[in-house]
Structure formats: C-alpha cells, structure tokens
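Since the model is a prediction, treat every value here as computed from it, not as a measurement.
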Amino acid sequence: MMKKGKVAEKSPLMMEMQPGTYFWCACGRSNNQPFCDGSHKGTEFTPKEVKIEEVQSVFWCRCKQTDNPPFCDGSHNKL
C-alpha cells in the first residue's frame, strides 16, 4: 500500500479545469496546493500526473488521504 502524504487541508478544492497536464501534490508539502511545487524532493513521494481532456469541474484532494488520487473521495471526513 502506498504511503499517504501530509494533510495540507481538510477539504477538497473544486476548480474549473482547462484541458492540459497537471501535477498533483502527493506529499502534502507544496505551497501551491493542490499542485506540486517541488517540495517532495528528498522524500519518497512523487507528484501524480493528471491529463485533463476537456473543460470540467474537479474536486482535488488536499488531505492526501484519498484512495482515488488525485480526486477527493471524502476521506477528509474521517480526519
């Protein structure tokens, strides 16, 4: 089982996303949540690459405890 990152926030962030490639922070250390800023360097974590094909609303996980990374699955409700 993959180790879970540090809790950055106890709620998801809903964003209207444009098509493109994004890198979700898995470690919870980024100052640019929910996206990677390189703060994982020196840890066992790597960001998760996410390709968005069309404009859509996304609930990005910020608690880093989701079982469906990078998306919120409600795991923050158990924290």
Side-chain angles (χ1 to χ4, degrees):
M1 179 162 195
M2 197 172 141
K3 186 175 174 190
K4 307 278 184 164
K6 170 179 162 266
V7 175
E9 295 284 338
K10 290 185 180 179
S11 63
L13 179 63
M14 194 282 285
M15 297 176 76
E16 189 77 14
M17 301 304 296
Q18 298 298 315
T21 301
Y22 300 88
F23 290 89
W24 176 76
C25 167
C27 72
R29 297 172 182 232
S30 174
N31 288 319
N32 189 33
Q33 292 294 329
F35 305 112
C36 177
D37 70 359
S39 294
H40 64 276
K41 293 204 181 351
T43 73
E44 64 190 278
F45 294 97
T46 56
K48 180 167 179 66
E49 182 177 351
V50 181
K51 291 185 191 310
I52 303 288
E53 302 293 334
E54 58 191 40
V55 175
Q56 61 185 284
S57 294
V58 174
F59 286 86
W60 297 102
C61 172
R62 294 187 296 173
C63 78
K64 313 304 176 187
Q65 309 307 299
T66 183
D67 288 327
N68 186 30
F71 309 111
C72 175
D73 70 356
S75 292
H76 62 274
N77 291 317
K78 299 179 213 156
L79 299 176

**Item:** Point-to-point distance, once rounded to the nearest 0.5 Å, from CG of Leu79 to OG of Ser11
**Value:** 10.5 Å
**Message:** Distance check, rounded to the nearest 0.5 Å: Lys78 atom NZ versus Cys63 atom SG?
**Reply:** 9.5 Å
**Request:** Begin from the C-alpha positions of Gln33 and Leu13 and carry the test side-chain contact (heavy atoms from CB on, under 4.5 Å) through to its verdict.
**Result:** CA-CA 9 Å; Gln33 292 294 329; Leu13 179 63; over 6 Å; no
**Phe35 atom CZ: more than 12 heavy-atom contacts under 6.0 Å** = yes
**Item:** Residue pair Lys3 / Glu44, side-chain heavy-atom distance below 4.5 Å
**Value:** yes
**Message:** If I compare all heavy atoms of Ile52 with all of Val58, which pair ends up nearest, and what's the gap?
**Reply:** CD1-CG2, 4.1 Å
**Fill in**
What one should report as the nearest heavy-atom pair of Gly28 and Ala8 is O-CB, 3.8 Å
**Residue pair Cys25, Arg62: steps toward the side-chain contact (heavy atoms from CB on, under 4.5 Å) verdict** = CA-CA 8 Å; Cys25 167; Arg62 294 187 296 173; over 6 Å; no
**Asked** Where do Gln65 and Lys4 land on the side-chain contact (heavy atoms from CB on, under 4.5 Å) test, with the steps shown first?
**Response** CA-CA 6 Å; Gln65 309 307 299; Lys4 307 278 184 164; 3.4 Å; yes
**Prompt:** Say you draw a straight line from CD of Gln56 to CD of Gln18; how long is it, rounded to the nearest 0.5 Å?
**Reply:** 10.5 Å
**Message:** Within the 3.5 Å criterion, strictly below it, is a donor on Asp73 or Ser75 matched to an acceptor on the partner's side chain?
**Reply:** yes
**Asked** Is the shortest heavy-atom distance from the side chain of Trp24 to the side chain of Cys61 under 4.5 Å?
**Response** yes
**Message:** Minimum heavy-atom separation for Lys64 and Pro34, please, with both atom names.
**Reply:** NZ-O, 4.1 Å
**Request:** Identify the two heavy atoms, one from Asn68 and one from Thr66, that lie closest to each other, and give their separation to 0.1 Å.
**Result:** N-OG1, 2.9 Å
**Prompt:** Do Phe23 and Trp60 belong together in a cluster built from hydrophobic side chains that touch within less than 4.5 Å?
**Reply:** no
**Request:** Of all the heavy-atom pairs spanning Ser57 and Glu16, show the shortest one and how long it is.
**Result:** OG-OE1, 2.8 Å
**Prompt:** Below 4.0 angstrom, N of the basic side chain to O of the carboxylate: do Glu53 and Lys51 qualify?
**Reply:** no
**Item:** Check: Lys6 side chain, Arg29 main-chain N or O, donor-acceptor pair, under 3.5 Å
**Value:** no
**Prompt:** Looking only at heavy atoms, which two atoms of Cys27 and Ser39 are closest? And how far apart?
**Reply:** SG-C, 4.4 Å
